[in-house]
Amino acid sequence: MDNNKKILYFGGQKSGKSLLAEKKACELSQHKKPFYIATYDNRFGDEEMIKRVHKHQNQRLDKFITLEETKELSKVIKEDESYLIDCISMWILNRLDDNEDILLEELEKISKIKANIVFVLNDVNSGVIPMDKISRKYIDLSGVIGQKLASFCDEVYEVKLGLPQRLK
């Protein structure tokens, strides 16, 4: 079994990327349960996001072993396992106070781990440039992080309406 596949699914909100990524992570793990790295941090007390989290939990049922890690993803990823990181967009939000280079270094570490890793990223870069500084930073980081992920991933899929389009 090839234990070193890196795959990226990106698309807009509710595009179907998480479901496709879950299926891919299960395929890659073969007979072992893959790990689901949940990155959401509820420090804002957002009830709508809690509902989304519950929907994702119900969707994946017991197909995954869930790990919650909001910042240092590389510390929970072990070699010869399969992982789904859902999602990188929340990880970026959690690390918004960090320098871009620190986030890129974390991704570089992850890229070198011999494990199957499926990444999920929201595509937020198709709109106008936001007027406020924090939103601009988030959008810019999402673009830079997306490029970094695409550079080392073996496969990259853009998802629209539940349909994956392979770009790489």
Sub-4.5 Å side-chain heavy-atom contact between Asn122 and Phe10: no
Leu73 vs Glu106 side-chain heavy atoms within contact, under 4.5 Å: yes
Salt bridge flag under 4.0 Å for residues Arg166 and Glu158: no
Any pair counted as ring-ring contact (aromatic ring centres under 6.0 Å, His included), so long as it reaches residues 94-118, sequence neighbours left out: none
Ile37 side chain near Ile117 side chain, heavy-atom distance below 4.5 Å: no
Close side-chain approach of Ile92 and Leu121, heavy atoms under 4.5 Å: yes
Close side-chain approach of Val118 to Tyr9, heavy-atom, < 4.5 Å: yes
Any side-chain heavy-atom pair of Lys33 and Asp62 under 4.5 Å: yes
Sequence-distant partners of Thr70, side chain to side chain contact (heavy atoms under 4.5 Å, CB included), two or more places apart: Asp41, Asn94
Check: Thr39 and Glu69 side chains under 4.5 Å, non-hydrogen atoms: no
Common cluster, Met90/Val76, ILVMFWY with side-chain heavy-atom separation under 4.5 Å: yes
Salt-bridge contact Glu81-Lys32 (side-chain N to carboxylate O under 4.0 Å): yes
Sequence neighbours excluded - ring-ring contact (aromatic ring centres under 6.0 Å, His included) pairs with any residue from residues 74-115: Phe35-Tyr83
